[in-house]
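Notes follow the structure.
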Amino acid sequence: MMKLSPKLSQKLSYMLLFIATMLAIIPVLIIIFLIIKNGYSAINWKFLTSMPEDGMRAGGIFPAIIGTFAIVMCAIVITLPVGVCAAIYLNEYAKDNFLTRLIKLAIVNLAGVPSVVYGLFGLGIFVMFLKLGVSIIAGALTLSIMELPVIITTARGALNSVPQSFREVSLSLGVSRWQTIRHIVLPNALSGILTGTILSIARISGETAPILFTAAAFYVPRLPDSIFDQVMALPYHLYIISTQIPNMPKNIIYGTALVLMMMVLTMSFVAIFARIYFRKRRKW
Amino acid sequence: MVNKINVKKLSCYYNKKCVLNSLSINVVKNEILSVIGPANSGKTTFLRTLNRMSDLEVLFSRAGEVFLDEENIFDMNMQFLRRRVGMLFAMPIPLPMSIYDNIVYAPKRLGLINKKTDIDALVEQSLKDASLWDDVKDRLHTSAMRMSGGQQQRLCIARILAINPEVILFDEPCSGLDPISTAKVEESMLELKKKYTIVLVTNNVKQASRVSDKTAFFLMGKLIEVDKTDTLFISPKEKQTEYYITGRFG
């Protein structure tokens, strides 16, 4: 076999790694570019704040925005306390035995279950068995179950980032374990939990499969009154208008995608800036 | 000569491996007992067992008894024990809050104080007793993380004094400090023994000879010798002790 000179192999591997990086970035940039180029003409105040008209071929996407907002907020209100409490238990209280390790492993693996499976699970449990019907609450519960492993994992990471020595000092002063958690660990883990939560919100805002059977409706002529109503949701709305409705104006499809993308991106950026802000303020 | 702490046949194990072997020793009230010995001699384990910090570790197990004023500490509530037996760690670890809040953190949680004026008085008294008051009285509400190492360690002492314990355990308190800060910490130890009983673990043999009333020499998890500091340093009974304190060990 021919042996490459060190200089040439250095150049080749550099090229290879650089191309791989570009392959990762370029499609994303193209997607963003296309959506903005085709969609920005649809975006105006009326589009964001009015009901759809003419079989959704005109008018706005207000109910879909509200619907997504309602589902996601409900989901976070349910997930956050449960997830943080579970993370505290696993990190601060649970003894390191076989069962705990099994639970931790299960949590990591649950994050890899396809979202459509969660959707079917939600349909079976919340919609049919608990008779919640297709509703905001059923969709929110389904999203909660899906997001719980992620919230637990990020919250555990945040708790772990608080130095062990702070806990030791607090305990050595005769302060109880719960007080230590409440007054030392949680305040210092809060920033990490918060950024993790914002990223979770961003992630579940764009999820379609879990709400497909549990919360989302093809078209609802009015806004929801309670959490037991079914709603329109942005990701599902986008799916419908791009596949189910003939003669759909292209700019509305792209406009809807743009709105959804901006929502997710904005939240991701908020999370990034929050992280930078908290890191600067960190006291150790 | 009242015995404050009475250790009877204490054995400690990490992961089934014996690190302290059937140790029996007394600590007299208002005295400083220093514990010297090379690495892995079990001296830190001994110290951490006295306020049951070692019980927090998963792989730790123990046998034997330790009495604090005739009361077995292993039958006591852990939090209550740690309130009576404070501990100063090797590295100064201020909590990530202001100097003021570092002092009042534990007393507040333990419900020892409530009134604002009492709290202020407690902060002042604790800082004075740790000879830190003059350094920080103008910046009590700034972060404790920004103090120098020596100041941080004295803050940690003040923090312990604020819960008014009976015994204070020092775990190599000067290992990260410069000579002047070390001298200040030693000075405050001599001052503190009037009110408290002190156990000092140190790698610095000279420090043991400077401050302690009694000195114990540990080796490989065994107590080799314990005696009045002067006696032990001038005429140790055991060859191993002599080798260690004269630096001919190993």
Side-chain angles (χ1 to χ4, degrees), chain A residues 88-105 155-195 274-284, chain B residues 47-48 50-59 76-98 101-112 142-147 152 155-166 168-171:
Chain A
I88 291 174
Y89 173 77
L90 287 173
N91 235 40
E92 311 287 327
Y93 284 102
K95 294 205 167 65
D96 188 30
N97 55 27
F98 179 70
L99 184 69
T100 318
R101 259 173 276 158
L102 199 69
I103 293 175
K104 287 175 183 172
L105 190 71
R156 284 190 57 208
L159 294 172
N160 269 332
S161 74
V162 179
Q164 200 61 36
S165 57
F166 291 170
R167 295 177 179 82
E168 270 207 336
V169 164
S170 178
L171 291 171
S172 80
L173 291 166
V175 175
S176 76
R177 200 170 268 249
W178 169 245
Q179 284 177 320
T180 302
I181 293 168
R182 165 73 188 73
H183 294 279
I184 298 290
V185 181
L186 275 184
N188 289 300
L190 207 60
S191 60
I193 295 175
L194 189 74
T195 43
R275 187 172 296 168
I276 293 170
Y277 172 75
F278 284 125
R279 194 165 291 163
K280 271 194 190 143
R281 270 194 28 180
R282 191 145 85 180
K283 300 189 197 92
W284 68 85
Chain B
L47 201 70
R48 288 171 66 89
L50 291 183
N51 71 346
R52 296 183 64 188
M53 286 306 283
S54 47
D55 281 6
L56 298 173
E57 280 156 67
V58 186
L59 298 172
M76 286 164 70
N77 175 309
M78 262 196 250
Q79 278 138 252
F80 195 64
L81 169 70
R82 295 195 191 121
R83 220 155 114 181
R84 294 174 64 185
V85 184
M87 180 164 198
L88 189 74
F89 294 90
M91 294 306 290
I93 307 165
L95 294 169
M97 42 178 87
S98 73
D101 288 335
N102 258 281
I103 307 278
V104 301
Y105 169 73
K108 260 192 185 167
R109 302 287 95 76
L110 302 173
L112 301 179
T142 58
S143 169
M145 296 298 202
R146 273 192 235 118
M147 304 161 82
Q152 286 184 351
L155 175 71
C156 294
I157 296 177
R159 195 166 59 188
I160 296 166
L161 300 182
I163 56 170
N164 196 23
E166 298 159 29
I168 305 179
L169 311 172
F170 287 80
D171 184 8

| request: Provide the closest heavy-atom pair for Gln179(A) versus Tyr105(B) in the form atom of the first, atom of the second, distance. | output: O-OH, 4.1 Å
| Approximate separation, where rounding is to 0.5 Å, of Leu171(A) CG and Gln79(B) CD | 8.0 Å
| task | Can you see which heavy atom on Pro96(B) is nearest to which on Asn188(A), and at what distance? | result | CG-ND2, 3.5 Å
| request: With a 4.5 angstrom heavy-atom cut-off, could you sort out which part of Ile163(B) is near chain A: side chain, backbone, both or neither? | output: side chain
| task | Please look at Phe80(B) and chain A and tell me whether the side chain, the backbone, both or neither of the residue comes under 4.5 angstrom of a heavy atom of that chain. | result | neither
| task | Below 4.5 Å from any heavy atom of chain A, which atoms of Pro94(B) appear? Answer side chain, backbone, both or neither. | result | backbone
| Region of Arg48(B) that comes under 4.5 Å of a non-hydrogen atom in chain A | side chain
| query | Roughly how far, to the nearest 0.5 Å, is CD1 of Ile184(A) from CE of Met97(B)? | reply | 3.5 Å
| task | First locate atom CZ of Phe166(A), then atom CD1 of Ile93(B), and finally report the distance between them rounded to the nearest 0.5 Å. | result | 8.0 Å
| task | With a 4.5 angstrom heavy-atom cut-off, could you sort out which part of Leu56(B) is near chain A: side chain, backbone, both or neither? | result | side chain
| field | Top of Arg83(B), Arg52(B), Arg159(B), Met91(B) for chain A proximity - count of heavy-atom pairs under 4.5 angstrom | value | Arg159(B)
| request: Could you tell me whether Lys108(B) atom NZ has more than 12 heavy atoms of other residues or ligands within 6.0 Å of it? | output: no
| note | Checked Leu81(B), Leu95(B), Val58(B) vs chain A; the most non-hydrogen pairs under 4.5 Å come from Leu95(B)
| said: For Arg101(A), I'd like to know if atom CZ has over 12 heavy atoms of other residues, nucleotides or ligands within 6.0 Å. | reply: yes
